[in-house]
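Each chain gets a letter, A, B and so on, in the order its sequence line appears, and its residues count up from 1.
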Amino acid sequence: MDIENLLQELNESQRKAVEYNDGPSLVIAGAGSGKTRVLTYKIAYLLNLGLPPHNILSLTFTNKAAREMKARVGQLMGESVARRLWMGTFHSIFSRILRTEAEKIGFTSNFTIFDSADSRNLIKTIIKEYQLDDKTYKPARIQAMISNAKNALVSPVAYAQSKEMQEYDMKAKIPMVRDIYRSYNARLQASNTMDFDDLLYYTNRLFRDHPEVLKTYQDRFQFILVDEYQDTNFAQYLVVKQLADAHHRVCVVGDDAQSIYSFRGANIDNILNYKSNYPEARIFKLEQNYRSTQNIVNAANSLIKQNKGQIQKNVFSENQVGEKLEVASAFSDFEEGIIVANKIQDLRRSKDSSYSDFVILYRTNAQSRVFEESLRKKNIPYRIYGGLSFYQRKEIKDVIAYFRMVVNPKDEEAFKRIINYPTRGIGNTTVGKIVDTAQLHNLSLWETIGDPLAHNLNVNTGTAKKLNDFHTLIDGFIKELPVASAYELATKIVKESGIAREAYQDQTPEGMSRQENLQELLGGIHEFCESRLEEGEQNIGLIDFLSEVSLLSDQDTDKEVEQEKVTMMTIHASKGLEFKNVFVVGLEEDLFPSSMTKSEPKGLEEERRLFYVAITRAEQFCMLTYAKSRFRNGQTNSCNPSRFLKDIDREFLNANAGVLEGTMGGFSQQTQGNFWDTVRRNREEKEELQEVKRKEESIFERPQIPVSREDKYSKPNFVNARNAEPKTPLTKDIYGIQVGAVIKHERFGIGTVSAIEGDAASRKATVEFENAGVKQLLLKFARFDIIG
DNA sequence: ATCCACTAGGTTTTT
DNA sequence: CCTAGTGGAT
């Protein structure tokens with residue numbers, strides 16, 4: 001595409017931001033101001049200047065963001081160019097670097113990655129080994145402390161030496177944290193594993209301790225772009241700084257008003273103080289909001305004004321003035337659900353909207369339940385994002401643990417997970433002995449069972465045989481690793497480990513669903529191999545699959561709005577999305593803002609930014625609701641409306657009399673299991689149910705779109721939903737390809753698209769190639785250019 | 001070693 | 001309301 005045409009699609013400030021590339025720059029991108037557009041066009045611009053794609057590094061926070069950006073650059077500049085960009089999450093790019101340089105930091109390239117559950121388990125074991133009380137040393141808390149330390153690049157040694165930290169721990173009566181931290185890190189290293197934070201931490205160490213390595217990467221990454229810069233933590237900030245030190249060609253994009261991840265170590269000062277780090281930096285502000293009505297933008301502005309210490313900006317909209325934000329109060333959380341469901345139904349009829357134009361946003365996942373009920377009763381189809389993701393389910397984690405064990409036999413948590421799964425008569429007592437022996441001889445658990453006699457492992461002959469069988473089993477898989485494809489080996493593992501047999505014996509509904517999940521996982525691996533093959537790669541082994549899935553997260557699941565379904569998600573998960581109609585629910589003190597954050601002003605400001613993010617998702621209509629009583633933790637509590645409601649200028653709100661009264665002041669009293677509440681609740685529920693029954697009895701009103709509970713769980717990107725909806729043929733597609741298009745594939749040559757199907761994450765095109773016959777291409781992976 | 005039943009404790013957000 | 005973890009019985 002011609003670069004001049006491209007620049008014409010930008011407004012003045014966007015274009016200036018795109019065109020300036022002589023030094024560091026900071027782009028402050030207000031909500032809905034075309035941030036992604038600036039990033040992608042900038043990359044296109046750089047490519048057009050002649051910078052090769054492999055010299056551009058572009059960092060994001062989610063795989064999804066990276067994928068989308070890649071696709072958009074692909075549309076502008078061609079797939080084959082986009083493919084060569086270094087574009088990905090901090091974690092995935094760094095893990096790639098660390099694998100090549102693993103030996104320099106005391107790991108080997110096949111290191112595996114602990115998820116947070118693994119980390120917590122290891123911390124738990126260590127706390128036990130130190131014979132500490134896990135009520136004083138709460139694993140979750142220790143985990144957070146260690147994570148913070150790593151994100152601040154504080155090593156275990158530095159931690160122990162830091163006067164400040166030691167004093168804090170003494171005061172908190174947890175002086176052993178430093179020892180736990182030390183052991184934890186040692187154990188990770190001994191088992192050749194890294195936790196998420198390590199990926200950032202060790203990249204920093206690598207660059208600090210090996211200037212020649214740093215130099216290589218500085219030379220490679222001639223231009224660096226960072227998305228969502230307000231969410232970077234110290235470790236991320238410093239890596240970027242080190243990489244950019246040589247040439248200062250770095251562009252960071254973000255919005256301080258949307259910084260909502262400080263609990264994960266994100267430091268808003270990185271963006272606020274950018275100028276002092278790069279005094280010569282140019283700052284560009286994108287202030288025109290193209291997404292929302294003026295009322296929505298103004299309401300959001302009036303809210304965020306209450307925060308101190310922001311980058312001065314004037315976000316404005318030239319769209320319609322639009323409706324005011326509607327505020328509603330409900331007697332109970334239950335009624336809140338009904339109000340929202342009714343409103344959705346009304347709006348859908350009056351505005352002729354689709355269900356997919358609606359989103360319900362809440363502070364905590366637990367709130368989704370009531371809305372599930374109220375929507376279901378009205379036969380409104382919905383989809384929930386978040387909650388347990390596919391890879392967090394037990395049966396999937398078990399299989400993945402086998403994979404990890406085969407790729408990296410030293411992986412301690414993987415070992416513990418599968419040593420007795422499926423049950424093979426090796427219980428806690430034996431595992432305890434193995435752990436003790438391993439520690440004594442400074443070995444991994446795997447090495448210990450490899451030669452029990454030599455290490456005086458004190459088990460009876462029966463157990464020794466069982467251990468030996470296990471060792472032989474895994475060893476067999478390990479031997480296959482270099483020769484078998486990921487799919488072949490995965491299938492073999494599921495079969496021969498006995499997982500398949502166990503799953504088939506279980507005929508309960510849960511058992512059946514587990515079988516399906518296993519099938520789905522294998523199907524996903526198959527697809528993964530196929531698509532990589534299509535890309536021209538060879539020998540796609542288990543290790544390739546594993547390194548990809550370990551860094552997938554809920555945020556990466558396809559959030560593309562599904563046809564005709566209301567969306568529900570946490571506000572955090574909604575970042576970057578937009579909807580015509582937004583419902584922000586549960587606006588109550590101690591829920592939003594959460595009681596956990598209220599102790600310090602910083603926490604409160606972050607909650608306010610979260611609310612800002614929620615409101616600015618809306619294009620046309622936004623409703624804010626709260627309940628006067630809420631069922632939580634098994635009891636009904638009365639609650640007060642959120643103070644945030646008062647932060648919005650009244651002129652942008654449409655609230656019935658009394659709705660905004662009672663904000664602040666007074667304490668929430670606990671009305672334990674209020675009798676009348678329960679009575680009313682039951683009655684309401686009954687009435688609603690009768691209503692539903694009546695409808696169901698009338699054939700004509702039978703709902704057309706069933707709500708599937710399965711949708712509750714997010715699916716991994718490359719795994720096709722087993723019981724996916726009937727595939728509706730699509731004519732045009734986000735990848736810019738359509739039926740009838742002529743494409744040029746890297747390997748198959750020229751062909752014509754004859755069909756497109758599947759949902760965005762796993763969308764496939766059937767292509768009739770001139771010379772290569774008919775092929776199915778997974779659009780996400782396939783490498784081709786559209787030529788006609 | 002395994003399975004079941006009961007209890008106590010905690011529920012913010014998640015790369 | 002959930003769930004993870006424990007203790008007892010087999």
(request) Kindly state whether the pair A:Phe61 / B:dT15 counts as stacked, where counting means centroids closer than 5.5 Å and planes tilted less than 30° apart. (result)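 No; by the centre-distance and plane-angle rule, A:Phe61 does not count as stacking on B:dT15.
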Given atom [atom1] of [X] and atom [atom2] of [N], what is their separation to the nearest angstrom?
| X | N | atom1 | atom2 | value |
| --- | --- | --- | --- | --- |
| A:Gln635 | C:dC1 | CD | P | 12 Å |
| A:Ile93 | B:dT15 | CD1 | C1' | 14 Å |
| A:Arg363 | B:dT14 | CZ | P | 9 Å |
| A:Lys138 | C:dG5 | NZ | P | 15 Å |
| A:Tyr362 | B:dT13 | OH | C1' | 12 Å |
| A:Asn267 | B:dT15 | CG | C1' | 16 Å |
| A:Tyr261 | B:dT14 | OH | C1' | 6 Å |
| A:Lys575 | B:dT15 | NZ | P | 11 Å |

(request) Please list residues of residues 424-433 of chain A whose heavy atoms come under 4.0 Å from any atom in DNA chain B, ordered by number; otherwise none. (result)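 Contacts with DNA chain B under 4.0 Å: A:Gly425, A:Gly427, A:Thr429, A:Thr430.
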(message) Are A:Tyr261 and A:Phe61 an aromatic pair, judged by ring center distance below 6.0 Å?
(response)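 No, too far apart.
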(message) Both A:Asn420 and A:Glu607 contact DNA chain B. Taking the nearest nucleotide for each, which residue is further toward the 5' end?
(response)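 Residue closer to the 5' terminus by nearest nucleotide: A:Asn420.
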Reckon [X] has a side-chain N or O less than 4.0 Å from the OP1 or OP2 of [N]?
| X | N | value |
| --- | --- | --- |
| A:Arg369 | C:dC2 | yes |
| A:Thr570 | B:dT14 | yes |
| A:Asn365 | B:dT13 | yes |

Distance-only polar pair, side chains of [X] and [Y], donor-acceptor under 3.5 Å:
| X | Y | answer |
| --- | --- | --- |
| A:Ser594 | A:Thr597 | no |
| A:Asn460 | A:Thr463 | yes |
| A:Arg417 | A:Tyr421 | no |
| A:Ser119 | A:Tyr184 | yes |

(message) Between the base of B:dT11 and the side chain of A:Arg632, is there a donor and acceptor pair under 3.5 angstrom?
(response)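 Side chain to base: no pair present.
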(message) Between B:dT15 and A:His91, counting only base atoms on the nucleotide and side-chain atoms on the residue, is there a donor-acceptor pair under 3.5 Å?
(response)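 Yes, a donor-acceptor pair under 3.5 Å.
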Quick test of your reading of the model: are [X] and [Y] salt-bridged, counting only N-O distances below 4.0 Å?
| X | Y | value |
| --- | --- | --- |
| A:Arg363 | A:Glu588 | no |
| A:Lys128 | A:Asp134 | no |
| A:Asp255 | A:Lys35 | no |

Under 4.0 angstrom, heavy atoms only, what part of the nucleic acid is [X] near: base, sugar-phosphate, or nothing?
| X | result |
| --- | --- |
| A:Lys124 | sugar-phosphate |
| A:Thr597 | base |
| A:Lys598 | nothing |

(request) Look at the side chain of A:Lys135 and decide which nucleotide, out of B:dG9, B:dT12, B:dT15, has an atom nearest to it. (result)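 The listed nucleotide nearest to A:Lys135's side chain is B:dG9.
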(request) Tell me which nucleotide among B:dT12, B:dG9, B:dT2 gets nearest to the side chain of A:Thr423. (result)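 Selected nucleotide (nearest to the side chain): B:dT2.
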(request) Rounded to whole angstrom, note down the C1' distance from C:dG5 over to B:dT12. (result)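 So the two C1' atoms sit 24 Å from each other.
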